[in-house]
Amino acid sequence: MEVGYVDIYEKIVELLKRRGFLWPSFEIYGGLRGFVTYGPLGIELKHRIEEKWREWFIYKQGFVEIESPIIMPEVIFKASGHLDHFTDPVVECLDCKRKFRADHIIEDATGKVAEGLGIEEIEEIIEKENIKCPECGGRLGKVGQFNLMFKTTIGPYSENRGYARPEAAQGMFVEFKRIFTVTREKLPLGIAQIGKVLRNEISPRKGLIRLREFTIMEVEVFVDPEDLSCPKLSEVEDEELKLVTADMRARNEEEPLIVTAREAVDKGYISAEWQAYFMVISKYFISSLGIPWERQRFKEQMPWEKAHYSKQTFDHEIYLQRFGWVEVAGHAYRTDYDLKRHMEHSRVDLTVFKRFKEPQIIEKIVVQPLKEIIKSDFGDNAQKVFSMLKNVNPMDIKVSFDKKGYYEFDGIRIEPKHVKIEKKTEKITGRRFIPHVFEPSFGADRLVYATLECSYSVKENRVVLKLPRDLAPIQVAVFPLVNKDNLPSTAQRVWMSLRDEGIRAMYDNSGSIGRRYARADEVGVPIAVTIDYQTQKDDTVTLRDRDTWQQIRISVHDLTNELLDYFKGRKNFEELGKSSK
RNA sequence: GCGGGGCUAGUCUAGCCUGGUCUAGGACGCCGGCCUCCCAAGCCGGUUACCCGGGUUCAAAUCCCGGGCCCCGCACCA
C-alpha cells in the first residue's frame, strides 16, 4: 500500500449512510445483501445522472424512450437465450477446475436424458454411476445451480412461469414492431430504456458495484445490415479512444492503445462505426459526471467472456481506488440475434421493409398453367400440378424444358403444352431484412458510486463533494449570517423565492456560519447564499463557491436569474453578478 | 458456495481475551437554548447502542451454537 493511502471507499460509504444518500436495504430486519435503498439525496443524484444520460443518449441522438415491464413470460427468455444460459446445473472438476453442464455430462456418460433433473438427482446419478471429469478423469465436485434470473409465477397457475428481466433490452426487442411503426418506419431507429433489472447473483459484493436489483440504462439502435455506417461518426471521429483489445489482452498487453475513433474503425479494432460512435458519446457522458478521462478506458471482452448474442463487446471501465478497473458500460454489437430469435418463437414477422431510392425493374420468367389442358391430361392430379407450379422456381422449368423437353416432379411429367412461359417485367420497390442492433448499456448504480468517488475531496480536514453543478442534489443553501436582527426572516424569504423558481434550495440556521458551510460542502451544494448586515443596507447577498470558498456579492434582485444561468452552465461562479444588467 | 476477519447510539469507537464493579464510557454529529458581522469557535441542556435467535451460568456486550449482514481472498459475474 502506498504511503498516505486512505481507503476512500470506507469514508464514502460512511458519508452516504450518515447523510442519507443510500444504505443497505431492510436494515431493521438485519439487511439483505445485494439490495440498497436510495435516500433523499441519493435518489436526486441518481435522477440527475439518468437525466444526463438521456441528454447524451436519447435527446441528442433523436432516439425514443420506452418503459416496458420488469416481469416477462418465460417464452421471451426462451427466445432471447437467457433461459438456456441461466438455468443450467454446473459441476466443477475438483482436479482441473473445468466446469461442465452437469446434465450434459450425465447424458454423455450414460446416454440417459438428464435435462430437467433436480440438483440432488444429478448429484445422485453422478455418484451412483461414478461419473468422472471427461477431460482429466478427476473427481467431480458439488453440482451448483446457476440460475441468475429471478423466477416467479404469473397469476394463480404455477405452470405460468415468468422471470424478472436481467436486462432491459428484451423489452425493446419484443416491442420493436410497434415502435418501428409508430416512429414511422425509419432506420436507424434508437430505442432507449432506463429501468430496474434483477439478477440473482450468487454472491453480491462491494456495495453499489454488484447488486441483485439495479438500474440499467440501455439503447438499442436498429440499423440496416447492408449499411452499417454511422452518419454521425464524422462529427466525433477525431476524438481519442483508449482501447485494450482482445488481441492485446491475449498478448498480456494492458497499456491501452490510443487511437481516434476513425482510426479504430479503419484499422479494424472496432468492428463497426456505430460502436466507435457510441464509445465516443460514452466518453463524453462519463466525463460529464466529473470522472476524469485518465480513469477511463475501453476493454474488449475475450471471445469466451462475451454474451451469447454479441459479436463484439467493449466494456467502458472506470478506475476505482478500491476495486480497480470496474465495468460501467458495455458496447455490444448484437447483430440480428435477438430479433431473429423472437421471430422464430413468436412467428411474427419482425423484418422491416426498405424502399429503394429508385424502384428496380427486373425481368422475370412467369409460368402460367394452361388449366384446360392440365385438367384433361392429369384428371384428379390436376390440383397437385397447380400447386406444384406455384411453388417451383419458373427458371427450373424453363431450363428443364430447354434441356430435356419436359419437367418432372414427383413422377408427374409436365410438358411445354401444359404451360405458357412468359417474360414479365416486375417493379421491385424495396427489400425486407432483419435489422442489426448496436447496444450501449450502462449500470446507473455503479455510475452513482464512481461519480461520488471522483467528486470526493478533503479540504482543510473537511469533506467537500465536488459534484458537477448539474448533478448536485441540492443546488443552493441559504443561511442567515447570525440568528438575530431579522436576518433569519430575510433569509427565509430568499430561500422561498428560490424554491418558487424551481431551484432546489435548503435553509439552515443552526450552529455557526462555518458549520453550515461545512454541512453544505459535505453533500456537494455548489453555492451558498448568505444574508448579512450588508443585505439590510443595499439589498445584496454573499455568494460562496463550494470548491474555492471564494465569495462575491450580488443583488437580491438578480439572484434567481444569475443562479439559473449558473446551473445551466451559461455562467461560471466568477461571472455571476457581472454584466447582468 | 468455500476460507479468513468483523458487527457496541446518526457516525467512529472503549469494553470482550480473564463473565459481576456496564442502570455500557468517550469523541464527533444531531435537536433545543445562549452567544456569534463569514468557514466544523464557545457555553448550557437534550438525544440515541451491545446484529438476531438459542444455550451455558446465580450472573452474558463478554463464553458456546445457529442465522443475518459487512469486509478481504477464491469461485461466480450469460
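Note that the structure is predicted; figures quoted are calculated from it, not measured. Throughout, protein chains are lettered first and strands after them, A, B, ... in sequence-line order, and every chain is numbered starting at 1.
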Legend entry - Interatomic distance, A/L32 CG vs B/C70 C1' [rounded to whole Å]: 13 Å

Inset, instruction - Report yes or no: does A/R212 contribute a side-chain atom to a donor-acceptor pair with the main-chain N or O of A/R199 at less than 3.5 Å? - result: no

Inset, instruction - Give, for atom CZ of A/F442 and atom CH2 of A/W53, the distance between the pair rounded to the nearest 0.5 Å. - result: 7.5 Å

Inset, instruction - Quick one: label A/F77 by what it contacts on the DNA or RNA (base, sugar-phosphate, nothing), any heavy atom closer than 4.0 Å. - result: nothing

Inset, instruction - Send over the distance from A/R322 CZ to B/C71 P, rounded to a whole Å. - result: 7 Å

Inset, instruction - Please work out the stems of RNA chain B from pairs that are Watson-Crick or G-U wobble with both distances under 3.5 Å, keeping only runs of three or more consecutive pairs. - result: B:1-7 with B:68-74, B:10-13 with B:25-28, B:29-34 with B:42-47, B:51-55 with B:63-67

Inset, instruction - Please report, rounded to the nearest Å, how far the C1' atom of B/C12 is from the CG atom of A/L15. - result: 14 Å

Inset, instruction - Check for a donor-acceptor pair, side chain of A/E44 on one end and backbone N or O of A/P473 on the other, with a separation under 3.5 Å. - result: no

Legend entry - N or O in side chain of A/R546 less than 4.0 angstrom from B/C39 OP1/OP2: no

Legend entry - Shortest side-chain distance from A/T542, nucleotide among B/C35, B/A78, B/C38: B/C38

Inset, instruction - Indicate whether the side chain of A/H557 and that of A/S555 have a donor and an acceptor atom separated by less than 3.5 Å. - result: no

Inset, instruction - For B/C37, take OP1 and OP2 only and decide whether either is under 4.0 Å from a side-chain N or O of A/K484. - result: yes

Legend entry - Aromatic plane relationship, A/H436 with A/Y333 - under 30° parallel, 30 to 60° tilted, over 60° perpendicular: tilted

Legend entry - Whole-Å distance separating the CD atom of A/E27 from the P atom of B/A9: 11 Å

Inset, instruction - Check whether any side-chain N or O of A/R199 sits under 4.0 Å from OP1 or OP2 of B/C76, and answer yes or no. - result: no

Legend entry - Nearest listed nucleotide, side chain of A/E14, among B/C12, B/C38, B/A41: B/C12

Legend entry - Value rounded to 0.5 Å, distance of CG in A/L481 from OG in A/S512: 10.0 Å

Inset, instruction - Please round to the nearest 0.5 Å and tell me the distance separating atom CG of A/L198 and atom CE of A/M149. - result: 11.5 Å

Inset, instruction - Give the rounded distance in Å between these two atoms: CG of A/N509 and P of B/A40. - result: 18 Å

Legend entry - Aromatic ring of A/Y533 stacked on base six-ring of B/C37, 5.5 Å, 30°: yes

Inset, instruction - Look at the side-chain N and O atoms of A/R33 and state whether any lies under 4.0 Å from the OP1 or OP2 oxygen of B/G68. - result: no

Inset, instruction - Please check if any side-chain donor atom of A/T530 sits under 3.5 Å from a side-chain acceptor atom of A/D532, or the reverse. - result: no

Legend entry - Residue met sooner reading RNA chain B from 5', once A/D508 and A/T530 are mapped to nucleotides: A/D508

Inset, instruction - Would you kindly check whether a donor in the side chain of A/D532 faces an acceptor in the base of B/C38, or vice versa, at under 3.5 angstrom? - result: yes

Legend entry - A/R18 side chain near B/C28 phosphate (N/O to OP1/OP2, under 4.0 Å): no

Inset, instruction - Validate the cation-pi geometry between A/K571 and A/Y566: distance from NZ or CZ to the six-membered ring centre under 6.0 Å, angle to the ring axis within 45°. - result: no

Inset, instruction - Check whether any side-chain N or O of A/Y29 sits under 4.0 Å from OP1 or OP2 of B/C51, and answer yes or no. - result: no

Legend entry - Closest-nucleotide 5' rank along RNA chain B - winner of A/R519 and A/K17: A/K17

Inset, instruction - Record whether the side chain of A/R516 comes under 3.5 Å of the base of B/C39 through a donor-acceptor pair of N or O atoms. - result: no

Inset, instruction - Check every atom of B/A78, B/C38, B/A41 against the side chain of A/L481 and return the nucleotide holding the closest atom. - result: B/C38

Legend entry - Spacing of A/R210 atom CZ relative to B/G1 atom P, expressed in whole Å: 14 Å

Inset, instruction - Report the distance from atom CG of A/L208 to atom C1' of B/C71, rounded to the nearest whole Å. - result: 15 Å

Legend entry - Minimum-distance nucleotide (side-chain atoms of A/R462 versus B/G29, B/C72, B/C39): B/C39

Inset, instruction - Remember a base hit wins even if backbone is also touched, and classify A/Q551 as base, sugar-phosphate or nothing at under 4.0 Å, heavy atoms. - result: base

Legend entry - Distance between C1' atoms of B/A59 and B/G68 (Å, rounded): 28 Å

Legend entry - Phosphate contact (B/A41 OP1 or OP2) by A/S512 side-chain N/O below 4.0 Å: yes

Legend entry - Spacing of the C1' atoms in B/U21 and B/G15 (rounded, Å): 13 Å

Inset, instruction - Would you indicate which nucleotide in B/C39, B/U36, B/A41 comes nearest to any side-chain atom of A/V482? - result: B/U36

Legend entry - B/G4 and B/G45, which share atom name P, separated by this distance in whole Å: 49 Å

Legend entry - Expected output: side-chain A/K459 to main-chain A/D547 donor-acceptor under 3.5 Å: yes

Legend entry - Protein-nucleotide distance (A/K11, atom NZ; B/C28, atom C1'), rounded to Å: 13 Å

Inset, instruction - Name the nucleic acid region contacted by A/G207, choosing base, sugar-phosphate or nothing; use a 4.0 angstrom heavy-atom cut-off, strictly under. - result: sugar-phosphate

Inset, instruction - Please work out if A/D521 contacts a base, only the sugar-phosphate, or nothing of the nucleic acid, heavy-atom cut-off 4.0 Å. - result: nothing

Legend entry - B/U62 and B/G46, which share atom name P, separated by this distance in whole Å: 30 Å

